[in-house]
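The structure under discussion appears below in the form of structure tokens.
In this text, all values refer to a predicted model and were calculated from it rather than measured experimentally.
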Amino acid sequence: MRIAITGGIGSGKSYVCQRLKERGIEVYDCDAGAKRLMSSSEDIRNGLISLIGDDAYDGWTLNKPVVTRFLLESESNKLAINAIVHPAVIRDFYDSGLQWMESAILYEAHLEHTVDRVVCVVAPENVRIDRVVKRDSVSRERAKQWIDAQISQEDVAQRAEAVIVNDGVKSVDEQLDKVLTLFGIEY
């Protein structure tokens, strides 16, 4: 069984993944996998150069400003980049042999079909804003813009098989115990 952990920015996905790791359950980080693959996969490099042009890379180093500018120019550009990167990330996840993955954009990237179960991590908006402000050193307004740009956590939670509330009050460990039991996972 493959399981995804998802949730909006500042919801505390990484904290939940850390709690899983402390139970001996390793979680594949899709963001880290994408970054690694974009600097090591010849297929991704060739695909992005074909799509964007030779200046997408400087040798094997991704030219982030060029790629970001292209990505933000249009929705079709974003989809074209995703069509190159996302399948490679999913293959890497499958090849990793891990059962769990963390993906902030599971539904936005239409990757929900690549897993058997989804766990959504949620937190109150004010808690999420506080976390993003502290972590990323941005204004509360900017953090709110980032949150508003994502699919609502209510929508994501409705699609998931399990929800973990990471509000700093409810016990994440107790909720994880219930999720693991629900999915029939021993640890």
Side-chain angles (χ1 to χ4, degrees), residues 2-22 25-115 118-121 123 128 131-138 142-143 145-151 153 156 160 164 166:
R2 292 187 178 109
I3 304 163
I5 295 182
T6 194
I9 186 170
S11 63
K13 295 177 301 298
S14 296
Y15 177 75
V16 171
C17 291
Q18 181 60 39
R19 301 306 300 153
L20 285 166
K21 187 174 183 176
E22 289 174 10
I25 298 172
E26 196 73 31
V27 180
Y28 180 91
D29 181 334
C30 286
D31 286 345
K35 288 175 186 168
R36 179 178 44 77
L37 290 168
M38 289 172 76
S39 65
S40 66
S41 166
E42 192 168 341
D43 289 340
I44 290 177
R45 183 178 179 274
N46 291 341
L48 291 177
I49 288 172
S50 293
L51 179 66
I52 300 168
D54 290 336
D55 58 345
Y57 280 83
D58 181 14
W60 273 92
T61 303
L62 184 70
N63 189 338
K64 290 179 189 174
V66 169
V67 174
T68 300
R69 185 172 53 250
F70 179 85
L71 178 116
L72 295 175
E73 283 176 359
S74 71
E75 184 66 18
S76 64
N77 286 1
K78 178 178 140 184
L79 293 172
I81 289 175
N82 289 349
I84 294 167
V85 177
H86 291 166
V89 171
I90 293 304
R91 275 192 309 276
D92 194 54
F93 166 58
Y94 287 171
D95 291 347
S96 75
L98 297 176
Q99 182 178 15
W100 294 73
M101 77 165 166
E102 175 186 357
S103 174
I105 59 168
L106 185 76
Y107 292 109
E108 292 92 335
H110 307 289
L111 299 176
E112 66 273 17
H113 67 279
T114 65
V115 295
V118 176
V119 177
C120 177
V121 181
R128 295 173 64 196
R131 288 174 179 161
V132 173
V133 166
K134 183 177 179 183
R135 182 190 70 201
D136 297 334
S137 299
V138 296
R142 185 68 176 141
Q145 286 175 336
W146 288 347
I147 288 170
D148 290 345
Q150 296 181 320
I151 295 175
Q153 72 176 358
V156 175
I164 292 178
N166 186 4

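- Contact between Gln99 and Phe93 at its shortest, heavy atoms only, is O-CZ, 3.8 Å.
- By the salt bridge (charged side-chain N to carboxylate O under 4.0 Å, His left out) test, Arg36 is found to be paired with Asp92, residues two or more places apart in sequence or in another chain being considered.
- By the 4.5 Å heavy-atom criterion applied to side chains, Gln150 and Trp146 are not counted as neighbours.
- Distance check: Arg131 CZ to Ser11 OG gives 7.5 Å after rounding to the nearest 0.5 Å.
- The backbone N or O of Phe70 lies less than 3.5 Å from a partner atom in the side chain of Asn77, making a donor-acceptor pair.
- Tyr15 places none of its side-chain heavy atoms less than 4.5 Å from the side chain of Val121.
- Scanning all heavy atoms of the two residues, the minimum distance from Ala123 to Gln153 falls at O-NE2, 2.7 Å.
- Between the NZ atom in Lys21 and the OG atom in Ser14 there is a gap of 11.5 Å [rounded to 0.5 Å].
- To the nearest 0.5 angstrom, Ser41 atom OG is 8.0 Å from Asn46 atom CG.
- Taking each heavy atom of Trp100 and Glu26 in turn, the nearest pair found is CB-O, 3.9 Å.
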Notebook entry, point to check: Checking side-chain contact (heavy atoms from CB on, under 4.5 Å) for the pair Val85/Leu37: CA distance, chi angles, key distance, verdict?
Noted result: CA-CA 8 Å; Val85 177; Leu37 290 168; over 6 Å; no
Next item on the list: Show the numbers, then the answer: is there a side-chain contact (heavy atoms from CB on, under 4.5 Å) between Leu111 and Val89?
Entry: CA-CA 10 Å; Leu111 299 176; Val89 171; over 6 Å; no
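- Pairs engaging residues 49-69 under the side chain to side chain donor-acceptor pair (under 3.5 Å) rule: none recorded [sequence neighbours left out].
- Atoms SG and CD1, from Cys30 and Ile105 in turn, are 8.5 Å apart once rounded to the nearest 0.5 Å.
- Within a 6.0 Å radius of CD in Glu73, other residues, nucleotides and ligands contribute more than 12 heavy atoms.
- Checking Asp29, Thr114, Ile5, Thr6 one by one against Met101, the side chain to side chain contact (heavy atoms under 4.5 Å, CB included) holds for a single residue, Thr114.
- When all heavy atoms are compared, the tightest approach of Ala160 to Val118 is CB-O, 3.5 Å.
- Taken to the nearest 0.5 Å, the CD1 atom of Ile84 stands 10.5 Å off from the CD1 atom of Ile49.
- When all heavy atoms are compared, the tightest approach of Ala143 to Val133 is CB-CG2, 4.1 Å.
- Inter-residue side-chain proximity for His110 and Asn82 is flagged as unmet; no heavy-atom pair is nearer than 4.5 Å.
- For the side chain to side chain contact (heavy atoms under 4.5 Å, CB included) criterion with Ile3, the lone passing option out of Leu20, Val119, Val27, Val115 is Val119.
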Notebook entry, point to check: Passes salt bridge (charged side-chain N to carboxylate O under 4.0 Å, His left out), Glu22 versus Arg19? Steps please.
Noted result: CA-CA 5 Å; Glu22 289 174 10; Arg19 301 306 300 153; 2.3 Å; yes
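- Using a distance-only test at 3.5 Å, with no hydrogens or angles considered, no donor-acceptor pair links the side chain of Glu102 to the main chain of Cys17.
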